[in-house]
> 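Mind looking over this structure? Questions follow.
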There are 2 protein chains.
Amino acid sequence: MTAFMHKGYGKTSMQDLKKATGLHPGSIYCAFDSKRGLLLAALGQYKKDRNSEFNDFFPGKAAVLTELKHYLDHIVQECLSCDASKACLLTKALNELADQDDEIQGIVTENLAGWQQSITMLFEQAKVKGELSTQRDSEHLARYFVMGVYGLRTFAQTHPKAHVLQQLADQLYHDVCYEPAPKIAEQVVN
Amino acid sequence: MTAFMHKGYGKTSMQDLKKATGLHPGSIYCAFDSKRGLLLAALGQYKKDRNSEFNDFFPGKAAVLTELKHYLDHIVQECLSCDASKACLLTKALNELADQDDEIQGIVTENLAGWQQSITMLFEQAKVKGELSTQRDSEHLARYFVMGVYGLRTFAQTHPKAHVLQQLADQLYHDVCYEPAPKIAEQVVN
DNA sequence: TCCTATCTTGAATGTTCGTTCAAGATAACC
DNA sequence: GGTTATCTTGAACGAACATTCAAGATAGGA
């Protein structure tokens, strides 16, 4: 997992994977069929790890939106750490393999959709708890939130200063959670 | 340029480049020193092309923010076309080569900073023309806008429906151009 | 027409890649 | 302790890669 995150799929050699796993080529091929099979397994593990981490951020002990803010701040810290093992394997694989491997693209897209769906449910919860206007569209908000996180992660790769990245995250959180529903008239201007 | 955009730098072979340029390996090495040199040249050409395209979108014949909306809608169309040659070579190179080639990362980061700077100047113009509150921070708005575009481009690779992507772009435009300055109290909650 | 300087060609090079497999090690069972 | 079944090893393989270079083509000047 971390090997693929550091160098990307294409540039990670069997020698790298040998070092990373402690297994010899024969064992890797026995267990995972191919380098690609190992990537699929890594994606599976990544999904499991991230799901678990996600749930830890939402124990329901504080306001949903407050927990969401902490979650977003955690992502900012990951970006700032400049540690490749804290990057998102899903977006990395998506950027590298889109339009080259339909099956992997499908798996990655499904995983990201699952993440987005979890966030949609958070907003639904927030509505029930009265933290969010029931007028807002939870699915749209979740899509906008994940789009913002994608943007944040890419922006972070240009090595901005910490407070700049945090400011962008704060703005994103504000736009998602505190913005009144936009007037239709403004949106249709073209 | 388009060859690198389709397969990424690493997966683009000399044979691909031979087909794409119509030159034989010897000529390519004579003119560009190496495959990496050809990428540098492609980045230079890309910058030139995109700068020219950018300027075409802002002739100053309409409101600055209206021209910006058209520009954003154009980006959405590029994303929806699913044509790899309409992707952003800069973000693609950034995602692939970050933390692997410092010089290229630097060049890409500079180019993206230049683009962001151009957008900052648009907001400054908009303030002068009275289209935008002088209270707003042009640099912050520009950063948020480019972050949104990064996010939009990544989101597009999960192949969402056209109206979903357009809705996200509309929201981004709204948040950047019509949002009142957020209250400090809301931003510092943590 | 010939000479020279520049450009083009594509086969050859050495390296590195993903992958395989037969030999060896280990463990489990009776 | 002997036999079998499973796992581990790492050398070896062909393919594909970026790169080189000597031979050939081209064009401009005299």
Side-chain angles (χ1 to χ4, degrees), chain A residues 1-48 84-85 87 89-108, chain B residues 1-46 48 84-85 87 89-90 92-108:
Chain A
M1 242 171 57
T2 54
F4 285 135
M5 286 197 257
H6 271 91
K7 294 199 173 188
Y9 175 71
K11 276 219 171 77
T12 303
S13 69
M14 268 327 275
Q15 299 232 26
D16 294 328
L17 295 173
K18 191 179 145 188
K19 282 179 198 166
T21 61
L23 297 173
H24 288 74
S27 300
I28 294 178
Y29 276 79
C30 181
F32 303 104
D33 275 358
S34 66
K35 183 183 167 188
R36 186 172 172 278
L38 187 52
L39 175 64
L40 289 171
L43 285 170
Q45 184 63 43
Y46 184 82
K47 179 185 179 178
K48 209 182 132 197
S85 64
L89 182 59
L90 294 173
T91 53
K92 195 150 178 85
L94 190 64
N95 273 300
E96 182 178 351
L97 300 172
D99 307 321
Q100 291 196 57
D101 189 319
D102 290 346
E103 189 190 349
I104 288 182
Q105 166 151 3
I107 289 170
V108 169
Chain B
M1 243 170 55
T2 54
F4 285 134
M5 286 197 257
H6 272 91
K7 294 200 174 187
Y9 175 70
K11 276 221 170 76
T12 303
S13 69
M14 270 325 275
Q15 298 232 25
D16 294 329
L17 295 172
K18 190 179 146 189
K19 282 179 197 168
T21 60
L23 297 172
H24 291 246
S27 301
I28 293 178
Y29 276 79
C30 181
F32 303 103
D33 275 357
S34 65
K35 184 183 166 186
R36 185 171 173 281
L38 186 51
L39 175 63
L40 289 171
L43 284 170
Q45 184 63 42
Y46 184 83
K48 209 181 133 198
S85 64
L89 182 59
L90 295 173
K92 195 153 178 82
L94 190 65
N95 273 300
E96 182 178 350
L97 301 172
D99 308 319
Q100 290 196 59
D101 189 320
D102 289 346
E103 189 190 350
I104 287 181
Q105 167 152 0
I107 290 169
V108 168

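Below, chains carry the letters A, B, ... as their sequence lines are ordered, and counting in each starts from 1.
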> Can you tell me how far P of dA22(C) sits from OH of Y29(A), to the nearest Å?
17 Å
> Side chain of K35(B), heavy atoms from C-beta onward: which of dA18(D), dA11(D), dG10(C) has the nearest atom to it?
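Among the listed nucleotides, the one closest to the side chain of K35(B) is dA18(D).
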> Quick check on Q15(B): does its CD atom have over 12 non-hydrogen neighbours (other residues, nucleotides or ligands) under 6.0 Å away?
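Check fails, neighbour count at 12 or below.
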> Check every atom of dG10(D), dA18(D), dC17(C) against the side chain of S13(A) and return the nucleotide holding the closest atom.
dC17(C)
> Base, sugar-phosphate, or nothing: which does S27(B) touch, judged by heavy atoms less than 4.0 Å apart?
base
> Could you state the atom-to-atom distance from NZ of K11(A) to C1' of dA18(D) in whole Å?
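Taking atom C1' of dA18(D) as the reference, NZ of K11(A) is at 12 Å.
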> Would K35(A) pass as a cation-pi partner of Y9(A), given that its NZ or CZ must be under 6.0 Å from the six-membered ring centre and within 45 degrees of the axis?
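The answer is yes; both the distance and angle limits are met.
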> Side chain of E96(B), backbone of E96(A): donor and acceptor closer than 3.5 Å?
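No: the side chain of E96(B) does not pair with the backbone of E96(A).
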> Within the 4.5 Å heavy-atom criterion, are T12(A) and L39(A) side-chain neighbours or not?
no
> Measure the distance from CG on D16(B) to P on dA16(D) and round it to the nearest whole Å.
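Atom-to-atom, D16(B) to dA16(D), this comes out as 13 Å.
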> With heavy-atom distances below 4.5 Å as the criterion, would you say the side chains of F4(B) and L43(B) are in contact?
no
> Can you identify which nucleotide, out of dT19(D), dG18(C), dT9(D), has its nearest atom closest to the H24(A) side chain?
dT9(D)
> Roughly, in whole Å, what's the span from CG in L23(B) to C1' in dT6(C)?
15 Å
> Given dT19(C), dG10(D), dC17(C), which nucleotide is nearest the side-chain atoms of S34(A)?
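Given the options dT19(C), dG10(D), dC17(C), the side chain of S34(A) is closest to dT19(C).
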> Specify the separation, in whole Å, of atom CZ of F32(B) and atom P of dA18(D).
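Answer to the nearest Å: 16 Å.
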> What integer distance in Å separates K7(B):NZ from dA16(D):P?
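Taking atom P of dA16(D) as the reference, NZ of K7(B) is at 12 Å.
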> Closer to the 5' end of DNA chain C via nearest nucleotide, is it Q15(A) or K18(B)?
K18(B)
> Would you kindly give the CG-to-P distance between L38(A) and dG18(C), to the nearest whole Å?
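Distance check: L38(A) CG to dG18(C) P gives 11 Å.
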> For L39(B) and dA18(D), what is the distance between atoms CG and C1' respectively, to the nearest whole Å?
15 Å
> Would you indicate which nucleotide in dG18(C), dT9(D), dT19(D) comes nearest to any side-chain atom of M14(A)?
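For the M14(A) side chain, the nearest candidate turns out to be dG18(C).
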